[in-house]
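Comments concern the structure below.
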Amino acid sequence: MTVSEHTSYDVVIIGGGVIGSSVAYFLTRDSMLSVAVVECDPSYEKSATPRSAGGVRSQFSTRPNVMMSLFGAEFVRAAPDLLAVDGDRPAIGFRENGYLLLASDAGVAQLHENHVLQTDCGAAVSILDRTDLAHRFPWLNLTDLACGAFGEQNEGWLDPYSLLQGFKRKARAQGAKYITDTVVGLTRTDGRIDTVLLQSGQTLTCGAVVNASGVNGRQTAAMAGITDLPVFGKKRQIFAFNCKEPIAKMPLTVDPSGVYCRPENEMFICGLAPPEDDDPDNASFDVDHGQFENDIWPVLATRIPQFEAIKVVNAWAGHYDVNLFDQNAILGPHPEITNFHFANGFSGHGLQQSPAVGRALSEMIITGRYTSLDLSDFGYDRIARNRPIFEKNVI
Ligand SMILES: Cc1cc2nc3c(=O)[nH]c(=O)nc-3n(C[C@H](O)[C@H](O)[C@H](O)COP(=O)(O)OP(=O)(O)OC[C@H]3O[C@@H](n4cnc5c(N)ncnc54)[C@H](O)[C@@H]3O)c2cc1C
């Protein structure tokens with residue numbers, strides 16, 4: 001096939017969710033590179049992004065995660081201006097109500113250890129004792145609680161679909177081309193990916209490729225001959241419910257059991273990660289209502305007595321792209337196939353990391369290194385070198 005102007009790009013991004021679209025936004029903002037984003041389903045029906053809880057928090061246990069989320073918060077606060085097109089400012093709906101992580105006696109040491117790190121990174125997180133908790137969140141049942149950690153700034157939630165569409169619209173306005181198609185193959189010459197094959201039969205030649213294909217990240221890597229990307233789809237459910245009694249200024253509240261809950265306009269949403277030993281790879285979107293009845297509601301009703309009388313009004317399932325190696329993102333170039341870039345394995349925190357990931361990969365592709373925030377610890381080679389970066393705060 002003759003390579004025409006329209007089928008040759010400096011960068012081809014596989015997957016146009018919030019990660020791929022953020023990379024496209026930063027690349028087209030900061031360079032003159034030609035950028036194509038190949039997205040198989042522009043309705044995003046089964047993509048992780050619109051199924052997300054939209055949470056942004058600085059309460060992580062590892063420095064790069066805290067730093068990425070702090071930049072994420074700064075970015076989404078300014079997003080209506082940064083992502084405006086022809087004066088039309090997208091409504092991202094960032095509600096800075098904070099995260100409240102609760103601890104029983106068993107969790108106190110970890111909360112304090114995380115707090116030292118978070119504060120050192122510049123996060124505004126306060127440790128609240130039982131008196132503080134009673135004063136600030138009088139609707140909590142404190143019986144078995146020792147303390148809590150509350151994000152005073154830079155934490156809350158936003159509308160994930162609006163952020164995705166905001167990145168996408170701005171990236172297109174800056175010159176990115178979105179192609180509706182499925183990537184089915186990659187060809188390699190001398191350790192470089194040189195073409196991207198599409199289901200339609202079209203071939204794109206490329207200078208660099210970004211794997212931003214969410215739960216399909218492992219399959220996309222395999223197309224490049226990389227067969228060991230430890231990323232697998234794991235089902236997570238969200239239940240939305242009504243409660244007659246309002247709860248003032250409720251942050252996203254995480255019970256020591258792992259059950260989380262937050263307001264969503266007039267409703268509330270909640271969820272719970274299954275135990276690690278009962279978390280199979282799962283492509284189904286069926287909702288198991290038993291999880292709410294048996295594992296979530298009893299915890300909610302005990303922790304927040306107003307939640308004894310609630311009514312589930314909606315529920316959905318989505319999939320985390322879980323990195324089973326260490327539950328953290330895998331970012332940047334493959335050590336040998338150096339024009340193949342990973343943006344995979346976000347393990348449930350990719351939405352809030354999308355601005356930092358987009359900026360970082362854009363810097364790496366344009367300049368060959370990270371210039372704003374060094375994310376080289378999250379490189380693919382840590383897997384071969386068996387150097388995991390364990391994140392203890394996965395929600
Ligand atoms: C229930 C739930 C709650 C969550 N809550 C939070 C939260 O509170 N905070 C947070 O930060 N994160 C959260 N997450 C995680 C977050 O949603 C993801 O990390 C993030 O959306 C990942 O974005 P992505 O662009 O990588 O993936 P996706 O949004 O899945 O996008 C990947 C895209 O790639 C496309 N694609 C795949 N393969 C191909 C191919 N071969 N060719 C062309 N296109 C392809 C897909 O169609 C898809 O649109 C949650 C996730 C779920 C499921």
Side-chain angles (χ1 to χ4, degrees), residues 12-24 36-58 60 65 68-69 72-73 76 99 155-161 163-164 167-168 178-186 196-200 204 209-223 231 233-239 252 254 260 262 264 269-273 282 285 287 315-323 327-331 342-358 361 394-395:
V12 175
I13 299 169
I14 306 171
V18 75
I19 294 291
S21 295
S22 173
V23 177
V37 182
V38 185
E39 170 54 54
C40 57
D41 176 15
S43 78
Y44 299 101
E45 189 194 346
K46 294 181 174 171
S47 311
T49 303
R51 291 171 181 268
S52 155
V56 179
R57 62 183 159 108
S58 28
F60 283 94
N65 281 337
M68 277 203 272
S69 283
V76 296
Y99 265 60
E155 293 196 333
W157 53 88
L158 53 84
D159 176 10
Y161 191 66
L163 181 61
L164 159 56
F167 274 133
K168 181 173 179 173
Y178 275 70
I179 299 170
T180 301
D181 213 324
T182 303
V183 173
V184 292
L186 301 168
V196 178
L197 313 175
L198 306 185
Q199 198 168 47
S200 62
L204 310 176
V209 172
V210 178
N211 178 0
S213 49
V215 290
N216 285 357
R218 184 176 169 84
Q219 288 80 353
T220 302
M223 292 180 204
V231 172
K234 304 282 182 184
K235 184 159 90 171
R236 295 291 181 269
Q237 310 192 117
I238 294 184
F239 299 89
L252 191 148
V254 188
Y260 72 85
R262 70 157 171 87
E264 170 74 10
I269 63 170
C270 62
L272 171 68
N282 199 325
F285 286 86
V287 173
W316 64 91
H319 298 93
Y320 279 12
D321 55 334
V322 174
N323 166 8
Q327 308 226 337
N328 267 317
I330 299 168
L331 297 176
F342 297 97
N344 302 106
F346 293 99
S347 308
H349 34 273
L351 183 84
Q352 64 203 283
Q353 295 189 334
S354 61
V357 169
L361 287 199
V394 175
I395 295 175

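Scope of the values below: all heavy atoms of this structure, side chains included, with no hydrogens, waters or symmetry mates. The first residue in the sequence is number 1, and the count goes up from there. In listed order, ligands and their atoms are each counted from 1. No experiment lies behind these values; they were computed from the predicted model shown.
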Mark up the atoms of ligand 1 that fall under 4.0 Å of a heavy atom belonging to [X], in ascending order.
{"X": "Gly54", "answer": "7 (C), 8 (O)"}
{"X": "Gly318", "answer": "53 (C)"}
{"X": "Asp181", "answer": "43 (C)"}
{"X": "Tyr320", "answer": "2 (C), 3 (C), 4 (C), 50 (C), 51 (C), 52 (C), 53 (C)"}
{"X": "Val38", "answer": "43 (C), 44 (N)"}
{"X": "His349", "answer": "10 (C), 11 (O), 12 (N)"}
{"X": "Gln352", "answer": "9 (N), 10 (C), 11 (O)"}
{"X": "Val18", "answer": "21 (O), 23 (O), 25 (O)"}

Are [X] and [Y] close enough that some pair of their side-chain heavy atoms sits under 4.5 Å apart?
{"X": "Phe346", "Y": "Leu331", "value": "yes"}
{"X": "Arg218", "Y": "Asn344", "value": "no"}
{"X": "Ser58", "Y": "Tyr99", "value": "no"}
{"X": "Met223", "Y": "Val183", "value": "yes"}

Using the rule side chain to side chain contact (heavy atoms under 4.5 Å, CB included), only one of Lys235, Arg51, Lys46, Arg236 pairs with His319; which is it? Lys235
I need the contact type for Tyr44 against ligand 1. Using non-hydrogen atoms and a strict under-4.0 Å cut-off, is it side chain, backbone, both or neither? side chain
What part of Asn216, side chain, backbone, both or neither, has a heavy atom within less than 4.0 angstrom of ligand 1? side chain
Would you please test Phe167 and Ile19 for side-chain contact (heavy atoms from CB on, under 4.5 Å) and show each step? CA-CA 9 Å; Phe167 274 133; Ile19 294 291; over 6 Å; no
Using distance alone, determine whether Ile14 and ligand 1 share an N or O pair under 3.5 Å. no
Purely on distance, is any nitrogen or oxygen of Ala53 under 3.5 Å from one on ligand 1? yes
For [atom], tell me which residue out of [options] has the closest non-hydrogen atom.
{"atom": "atom 9 (N) of ligand 1", "options": "Ser354, Gly55, Ser21, Gly217", "answer": "Gly55"}
{"atom": "atom 41 (N) of ligand 1", "options": "Val322, Asn344, Leu198, Val183", "answer": "Val183"}
{"atom": "atom 32 (C) of ligand 1", "options": "Ala329, Ala212, Ser47", "answer": "Ala212"}

Could you please spell out the steps behind the side-chain contact (heavy atoms from CB on, under 4.5 Å) verdict for His349 and Asn328? CA-CA 9 Å; His349 34 273; Asn328 267 317; 3.6 Å; yes
Using 0.5 Å steps for rounding, measure from the [atom1] atom of [X] to the [atom2] atom of [Y].
{"X": "Ser347", "Y": "Gln353", "atom1": "OG", "atom2": "CD", "result": "9.0 Å"}
{"X": "Leu158", "Y": "Leu351", "atom1": "CG", "atom2": "CG", "result": "5.5 Å"}
{"X": "Glu264", "Y": "Asp159", "atom1": "CD", "atom2": "CG", "result": "8.0 Å"}

Please write down residue, atom name and distance for the protein heavy atom closest to [atom].
{"atom": "atom 35 (C) of ligand 1", "answer": "Glu39 OE1, 3.3 Å"}
{"atom": "atom 29 (O) of ligand 1", "answer": "Thr49 OG1, 2.5 Å"}
{"atom": "atom 20 (C) of ligand 1", "answer": "Leu351 N, 3.9 Å"}
{"atom": "atom 24 (P) of ligand 1", "answer": "Ile19 CG1, 3.7 Å"}
{"atom": "atom 14 (N) of ligand 1", "answer": "Gly348 O, 3.5 Å"}
{"atom": "atom 28 (P) of ligand 1", "answer": "Ala48 N, 3.7 Å"}
{"atom": "atom 53 (C) of ligand 1", "answer": "His319 N, 3.3 Å"}
{"atom": "atom 45 (C) of ligand 1", "answer": "Cys40 SG, 3.6 Å"}

Shortest non-hydrogen pair, Gly318 vs Phe285, comes out as CA-CE2, 4.3 Å
Considering non-hydrogen atoms only, spot the tightest contact between Pro355 and Ser22 and give its length. CA-OG, 3.8 Å
Would Lys168 and Tyr44 count as a side-chain contact (heavy atoms from CB on, under 4.5 Å) if you check the C-alpha gap in whole Å, the side-chain angles of each, and the deciding distance to 0.1 Å? CA-CA 12 Å; Lys168 181 173 179 173; Tyr44 299 101; 3.1 Å; yes
Among Asp321, Thr182, Thr220, side-chain hydrogen bond (donor to acceptor under 3.5 Å, both in side chains) partner for Ser213: Thr220
